[in-house]
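Below is one structure, written out as structure tokens; the observations come after it.
Residue numbering restarts at 1 for every chain, and letters A, B, ... go by the order of the sequence lines. In this text, all values refer to a predicted model and were calculated from it rather than measured experimentally.
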Amino acid sequence: MSDNRSIVFFDLEATGLDTDVCDIIQLSAVCGKRVFNAYILPTRELTASAKQVTGFTVSGGKLFRDGVPTSTVPLADALASFLDFLRSFAGPVRLAAHSATRFDAPVLTRVMRRLKLLPEFQRLVSGYVDTFPLAKNLFRLSSYSQQNMVRHFLGKSYDAHNAVADATMLQELFNHWNPSAQAVQRATFSTCVF
DNA sequence: TGCCAGGCCCTCTTTAGGGCCTT
């Protein structure tokens with residue numbers, strides 16, 4: 001049994017898959033029953049596939065999800081609130097996401113750096129846990145997508161690509177797996193490598 | 001068709017190519 005009290009599960013929805021340029025649209029995090037969520041109005045257009053996958057659109061300077069208007073905050077405010085959320089835990093936390101090293105970590109690091117928040121972020125976050133290699137090391141499956149694994153292990157379908165639901169389901173998956181501390185350590189990466 | 005992300009992993013590999021995973 002690993003000590004997962006310090007693991008915060010998070011997820012980003014963004015304007016596309018290019019980690020060098022995409023804008024964050026939704027930033028969510030879950031730890032136990034504590035939930036963080038923020039929507040941000042993007043400055044660049046969503047790719048066609050991002051629109052299709054996430055259901056987000058921008059019209060008239062407003063953000064919509066599945067056609068429903070959504071309240072947004074400036075990116076700097078969202079990140080400051082996120083840091084406040086992380087600061088509320090005792091000691092540095094680990095941030096867990098599915099394919100964190102391929103997508104979420106480089107994007108989050110880039111925007112933190114751009115807004116000169118990276119030193120504080122790195123003070124609050126000791127590392128990233130990537131649940132994709134974690135799952136590959138633990139199980140032999142035909143698919144390691146989060147949606148497939150939620151179906152396989154939890155027998156559930158859910159509102160995938162809503163970042164709150166994705167982070168919540170990831171936490172549930174992790175708790176179901178109950179991985180050893182050694183297994184989690186093997187799937188943990190420093191915040192300094194992005 | 002002009003472009004469309006990219007790095008890891010696997011294998012019918014290594015002088016390569018295709019699928020996966022995230023939006």
Side-chain angles (χ1 to χ4, degrees), chain A residues 7-30 36-59 63-68 70 72 75 78-79 82 94-112 114 125 127-154 157-174 177 179 183-184 186-194:
Chain A
I7 298 182
V8 174
F9 297 84
F10 82 111
D11 188 49
L12 305 178
E13 304 301 324
T15 53
L17 286 169
D18 187 341
T19 56
D20 290 333
V21 300
C22 70
D23 277 358
I24 296 173
I25 298 175
Q26 186 184 14
L27 168 59
S28 303
V30 171
F36 173 85
N37 185 52
Y39 294 99
I40 302 111
L41 186 67
T43 61
R44 60 186 297 128
E45 197 169 337
L46 282 81
T47 64
S49 62
K51 283 182 191 169
Q52 184 179 15
V53 164
T54 67
F56 283 114
T57 51
V58 175
S59 179
L63 180 68
F64 296 79
R65 185 174 193 249
D66 297 331
V68 179
T70 304
T72 59
L75 176 63
L79 296 182
F82 184 52
R94 284 166 291 174
L95 283 181
H98 201 54
S99 287
T101 52
R102 296 288 314 124
F103 185 76
D104 304 84
V107 173
L108 189 58
T109 301
R110 172 171 56 81
V111 297
M112 287 287 180
R114 180 156 62 85
V125 178
Y128 288 103
V129 178
D130 191 334
T131 53
F132 179 64
L134 176 63
K136 288 193 82 170
N137 288 337
L138 290 175
F139 310 106
R140 181 64 60 189
L141 302 172
S142 59
S143 164
Y144 295 88
S145 72
Q146 183 172 325
Q147 231 177 328
N148 181 70
M149 290 196 294
V150 166
R151 194 181 310 116
H152 177 85
F153 288 105
L154 305 178
S157 58
Y158 71 104
D159 187 16
H161 293 293
N162 177 329
V164 175
D166 275 327
T168 301
M169 282 298 107
L170 192 61
Q171 176 175 249
E172 206 170 312
L173 262 183
F174 185 93
W177 295 342
V184 175
R186 280 199 300 274
T188 299
F189 302 85
S190 165
T191 59
C192 299
V193 300
F194 300 100

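Taking atom P on both B/dG2 and B/dC9, the two are 35 Å apart, rounded to the nearest angstrom. Annotation: B/dG18 and B/dT13 have their P atoms spaced 14 Å apart (nearest Å). Only the P atoms considered, B/dC20 is 24 Å distant from B/dC3, to the nearest whole Å. One P atom belongs to B/dC4, the other to B/dC21, and the distance between them is 23 Å to the nearest Å. The C1' atoms of B/dG19 and B/dC12 are separated by 15 Å, rounded to the nearest whole Å. As rounded to the nearest Å, B/dG7 and B/dT1 have P atoms that lie 27 Å from one another.
Comparing atom distances between the A/L17 side chain and each of B/dC9, B/dC21, B/dA5 picks out B/dA5 as nearest. With B/dT22, B/dT23, B/dA5 as the choices, the nucleotide that has an atom nearest any side-chain atom of A/D18 turns out to be B/dA5. Comparing atom distances between the A/S99 side chain and each of B/dC21, B/dC9, B/dT23 picks out B/dC21 as nearest.
Using a 4.0 Å heavy-atom criterion, one finds that A/A50 contacts the bases of the nucleic acid, with or without backbone contacts as well. Looking at heavy-atom distances under 4.0 Å, A/I25 makes no contact with the nucleic acid at all. The residue A/D11 sits close only to the backbone: its heavy atoms come under 4.0 Å of sugar-phosphate atoms, none of a base.
In this structure the side chain of A/Q146 never reaches within 4.5 angstrom of the side chain of A/F132, judged on heavy atoms.
Here B/dC9 presents its P atom at 10 Å from CZ of A/R102, a figure rounded to the nearest Å. In this structure, CD of A/Q52 is placed 16 Å from P of B/dT22, rounded to the nearest angstrom. In this structure, the CZ atom of A/F132 is 18 Å from the P atom of B/dG6, given to the nearest Å. Going from atom CG of A/D130 over to atom C1' of B/dG7 covers 12 Å, rounded to whole Å. Between the CG atom of A/L141 and the P atom of B/dC21 there is a distance of 9 Å, rounded to whole Å. Protein atom CG of A/D23 is 16 Å distant from nucleotide atom P of B/dT23, rounded to whole Å. If you measure from atom CZ of A/R110 to atom P of B/dG6, you get 13 Å, rounded to the nearest angstrom. For A/Y128 and B/dT22, the OH to C1' distance is 14 Å, given to the nearest whole Å.
Under the 30°/60° scheme for interplanar angles, the aromatic rings of A/F139 and A/W177 are found to be tilted.
Phosphate contact (OP1/OP2 of B/dC21, side-chain N/O of A/H98, threshold under 4.0 Å): absent. Distances shown here put a side-chain N or O of A/S143 below 4.0 Å from the OP1 or OP2 atom of B/dC21.
With ring centers used as reference points, A/F64 lies 6.0 Å or more from A/F56.
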Walk me through it: do A/F153 and A/L141 pass the test side-chain contact (heavy atoms from CB on, under 4.5 Å)?
CA-CA 11 Å; A/F153 288 105; A/L141 302 172; 3.8 Å; yes
Full working for ring-ring contact (aromatic ring centres under 6.0 Å, His included) between A/F10 and A/F36
CA-CA 9 Å; A/F10 82 111; A/F36 173 85; over 10 Å; no
Is there a salt bridge (charged side-chain N to carboxylate O under 4.0 Å, His left out) between A/D159 and A/R65 once you walk through the steps?
CA-CA 12 Å; A/D159 187 16; A/R65 185 174 193 249; 3.3 Å; yes
